[in-house]
Amino acid sequence: MDTPPGFYEVIIVGGGPAGLSAALVLARCCRKVLVVDAGRPRNYASHSVGGFLSRDRIHPKELLRIAREELHAYPCVEQRHAEVKEIARIAERFHVMVAGEAQPLQCRRLLLATGVVDELPSIEGIEALYGNSVFHCPICNGWDVRDQPLAVYGTDEDGAELASEMLAWSDDVVLCTQGSRDVPDEWRDRLRERGVRVIDRKITRLMGNGGQLECLYFETGEPLARRALFFSSPQHQQSGLPASLGCQFSEEGMVRKKGACEATNIPGLYVAGNASACGGTQLAIVAAAEGADAAHFIHCSLAAEDFRRGRVKGKGFAPKHP
Ligand SMILES: Cc1cc2nc3c(=O)[nH]c(=O)nc-3n(C[C@H](O)[C@H](O)[C@H](O)COP(=O)(O)OP(=O)(O)OC[C@H]3O[C@@H](n4cnc5c(N)ncnc54)[C@H](O)[C@@H]3O)c2cc1C
């Protein structure tokens with residue numbers, strides 16, 4: 001590689017499925033890449049990644065370990081365990097300030113794969129059960145608790161929809177609304193018709209043992225025995241970097257992509273994975289696919305730029321996506 005130290009063709013912020021998958025594809029395109037990851041994945045509390053082709057139910061840490069190890073085969077890829085503190089775009093280059101570095105590192109293209117954070121409902125005892133028997137995603141964890149007594153925590157229409165969705169995994173589903181008036185009457189009727197009980201009493205505490213939910217306690221009345229609880233609640237960007245760089249966001253707070261590829265409204269800046277999952281599926285394999293897609297577009301855009309400037313690296317490469 002003919003780039004000076006501290007200068008990369010691509011810097012990837014975030015080393016989850018999206019970022020590592022992008023690094024792999026860029027490595028195979030002979031690009032000089034740096035992946036910087038702070039080690040706070042969205043699924044920190046989870047014990048398995050369900051539905052990842054050929055790795056079904058693998059431990060999340062093991063999935064990342066294999067991906068990182070595979071990258072060691074490519075000398076053009078560097079990986080650092082650190083936090084990116086600040087990024088500035090100056091004269092078509094990104095200046096990336098990494099914690100512990102005296103000088104900013106530079107790159108021609110930047111990929112943000114920084115993920116999101118789920119906002120846990122504020123209920124006593126929830127943290128200890130989260131990822132074991134308290135979940136947000138039925139596609140990820142419904143199978144693990146199929147045919148068991150389930151509760152759904154949801155204070156609006158989304159919560160009612162989630163309760164209805166859970167009937168695919170169990171016919172014993174209860175919706176707990178915390179007394180919210182935002183669950184529409186038509187949804188209450190629909191749930192009743194489908195055999196889902198709606199409880200408006202406020203949950204005060206979840207009780208379990210070794211990560212296994214056993215019982216929901218309410219402000220008033222009898223406790224309720226349940227084996228798992230699914231919740232519907234908002235999420236937010238894990239990192240402030242997309243906002244500080246001037247990215248546009250959807251109403252749900254996801255980074256907007258420009259057109260079909262993973263480009264953003266900022267030239268040279270791309271986004272992949274959950275951080276940009278606008279209304280889409282938030283599975284790990286989809287995040288990985290977005291990373292691969294972003295890598296393809298980044299490679300093509302670098303090749304096109306080099307071609308325009310008479311710096312073509314490969315012979316006869318005709319970039320299709322400038
Ligand atoms: C409890 C739970 C269970 C789940 N179960 C499943 C499942 O069974 N199957 C499935 O397919 N999906 C599952 N998911 C979803 C899965 O976790 C996500 O789809 C996946 O992690 C998204 O990958 P990502 O690369 O976009 O983001 P992440 O995996 O969240 O990675 C983002 C990375 O960016 C890093 N980062 C952020 N900001 C910075 C910064 N400033 N500097 C450096 N690094 C930074 C973070 O440290 C993090 O490592 C689950 C999620 C949760 C919460």
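Just so you know, ligand 1 is whichever comes first in the structure, and atom 1 is the first atom listed for that ligand. Note that the structure is a prediction, hence the values are computed from the model and not measured.
Some N or O of D37 is nearer than 3.5 Å to an N or O of ligand 1, by distance alone. For ligand 1, the polar-atom distance check against D118 finds no nitrogen or oxygen pair separated by under 3.5 Å. Annotation: V84 places an N or O atom under 3.5 Å from an N or O atom of ligand 1; distance criterion only. Between A38 and ligand 1, a contact under 3.5 Å exists for at least one N or O pair. Residue Q282 has at least one N or O atom closer than 3.5 Å to an N or O atom of ligand 1. Remark: ligand 1 and A284 share an N or O pair separated by less than 3.5 Å (distance only, no angle test). Polar contact check, H136 against ligand 1: no nitrogen or oxygen pair lies under 3.5 Å apart. Ligand 1 has an N or O atom lying under 3.5 Å from an N or O atom of G39, backbone or side chain.
Between the side chains of N274 and Q282, no donor N or O sits under 3.5 Å from an acceptor N or O. Using a 3.5 Å distance cut-off with no hydrogens or angles, the side chains of Q148 and R226 do not pair a donor with an acceptor. Counting only N and O atoms by type, the side chains of Y8 and E78 include a donor and acceptor under 3.5 Å apart. Residues R190 and S164 have side chains that never bring a donor and an acceptor to within less than 3.5 angstrom of each other. For Y270 and R109, the side-chain atoms include no donor-acceptor pair closer than 3.5 Å.
Salt-bridge check for R65 with E62: passed, with a basic side-chain N closer than 4.0 Å to an acidic carboxylate O.
At most 12 non-hydrogen atoms from other residues, nucleotides or ligands lie less than 6.0 angstrom from CZ of R197. At most 12 heavy atoms of other shown residues, nucleotides or ligands fall within 6.0 angstrom of atom CG in L53.
Using a 4.0 angstrom heavy-atom cutoff, P17 counts as in contact with ligand 1. Contact analysis leaves G51 out of contact with ligand 1, as no non-hydrogen atom separation drops below 4.0 angstrom. In this structure, G291 does not count as a contact residue of ligand 1, since none of its heavy atoms falls inside 4.0 Å of the ligand. Using a 4.0 Å cutoff on heavy atoms, Y130 counts as a contact of ligand 1.
In C137, neither the side chain nor the backbone holds a heavy atom less than 4.0 Å from any atom of ligand 1.
Less than 4.0 angstrom separates some heavy atom of V13 from each of these atoms of ligand 1: 40 (C), 42 (N), 43 (C). Taking every heavy atom of A18 and a limit of under 4.0 angstrom, the matching atoms of ligand 1 come to 25 (O), 26 (O). For ligand 1, the atoms closer than 4.0 angstrom to any heavy atom of L241 are 41 (N). Close approach to V36 involves these atoms of ligand 1, each under 4.0 Å from a residue heavy atom: 43 (C), 44 (N). Ligand-side atoms of ligand 1 in range of A287: 22 (C), 23 (O), 26 (O), range being under 4.0 angstrom from any heavy atom. Numbered from 1 in the order shown, with element, the atoms of ligand 1 that lie under 4.0 Å from a heavy atom of A82 read 43 (C). Remark: ligand 1 atoms within the under-4.0 Å shell around heavy atoms of A113 are 32 (C), 33 (C), 34 (O). For ligand 1, the atoms closer than 4.0 angstrom to any heavy atom of G50 are 7 (C), 8 (O), 9 (N), 10 (C), 11 (O).
Nearest protein heavy-atom contact of atom 50 (C) of ligand 1 is N43 CB, 3.9 Å. The single protein non-hydrogen atom nearest to atom 47 (O) of ligand 1 is R40 N, 2.8 Å, given as residue, atom name and distance. In terms of protein heavy atoms, atom 34 (O) of ligand 1 is closest to G14 CA, 3.3 Å. Protein heavy atom at the shortest distance from atom 6 (C) of ligand 1 is C140 SG, 3.2 Å. For atom 27 (O) of ligand 1, the closest heavy atom belonging to the protein is G115 CA, 3.7 Å. Considering only non-hydrogen protein atoms, atom 31 (O) of ligand 1 sits nearest to G16 CA, 3.6 Å. Annotation: atom 18 (C) of ligand 1 to nearest protein heavy atom, N274 OD1, 3.2 Å. Protein heavy atom at the shortest distance from atom 28 (P) of ligand 1 is R42 N, 4.0 Å.
Residue C107 comes nearest to I11 through the heavy atom pair CB-CG1, 3.6 Å, listed as atom of the first residue, atom of the second, then distance.
Among L64, V134, T114, the residue whose heavy atom lies closest to atom 39 (C) of ligand 1 is T114.
Judged by distance alone, with hydrogens and angles left aside, the side-chain atoms of E219 form no donor-acceptor pair with the main-chain N or O of R201 at under 3.5 Å. Without hydrogens or angle criteria, S48 side chain to G50 main chain gives no donor-acceptor distance under 3.5 Å. Using a distance-only test at 3.5 Å, with no hydrogens or angles considered, a donor-acceptor pair links the side chain of R146 to the main chain of W143. Panel note: side chain Q212, backbone N132; no donor-acceptor pair is recorded below 3.5 Å. Listed for the T155 side chain is no donor-acceptor partner under 3.5 Å among the backbone atoms of S180. E70 contributes no side-chain N or O that, together with a main-chain N or O of L24, makes up a donor-acceptor pair within less than 3.5 Å.
Using a 4.5 Å cut-off between side-chain heavy atoms of Ile, Leu, Val, Met, Phe, Trp and Tyr, with links allowed through other members, V173 and V134 fall into different hydrophobic clusters.
Ring geometry, H136 versus F231: the interplanar angle falls from 30° to 60°, so the pair is classed tilted.
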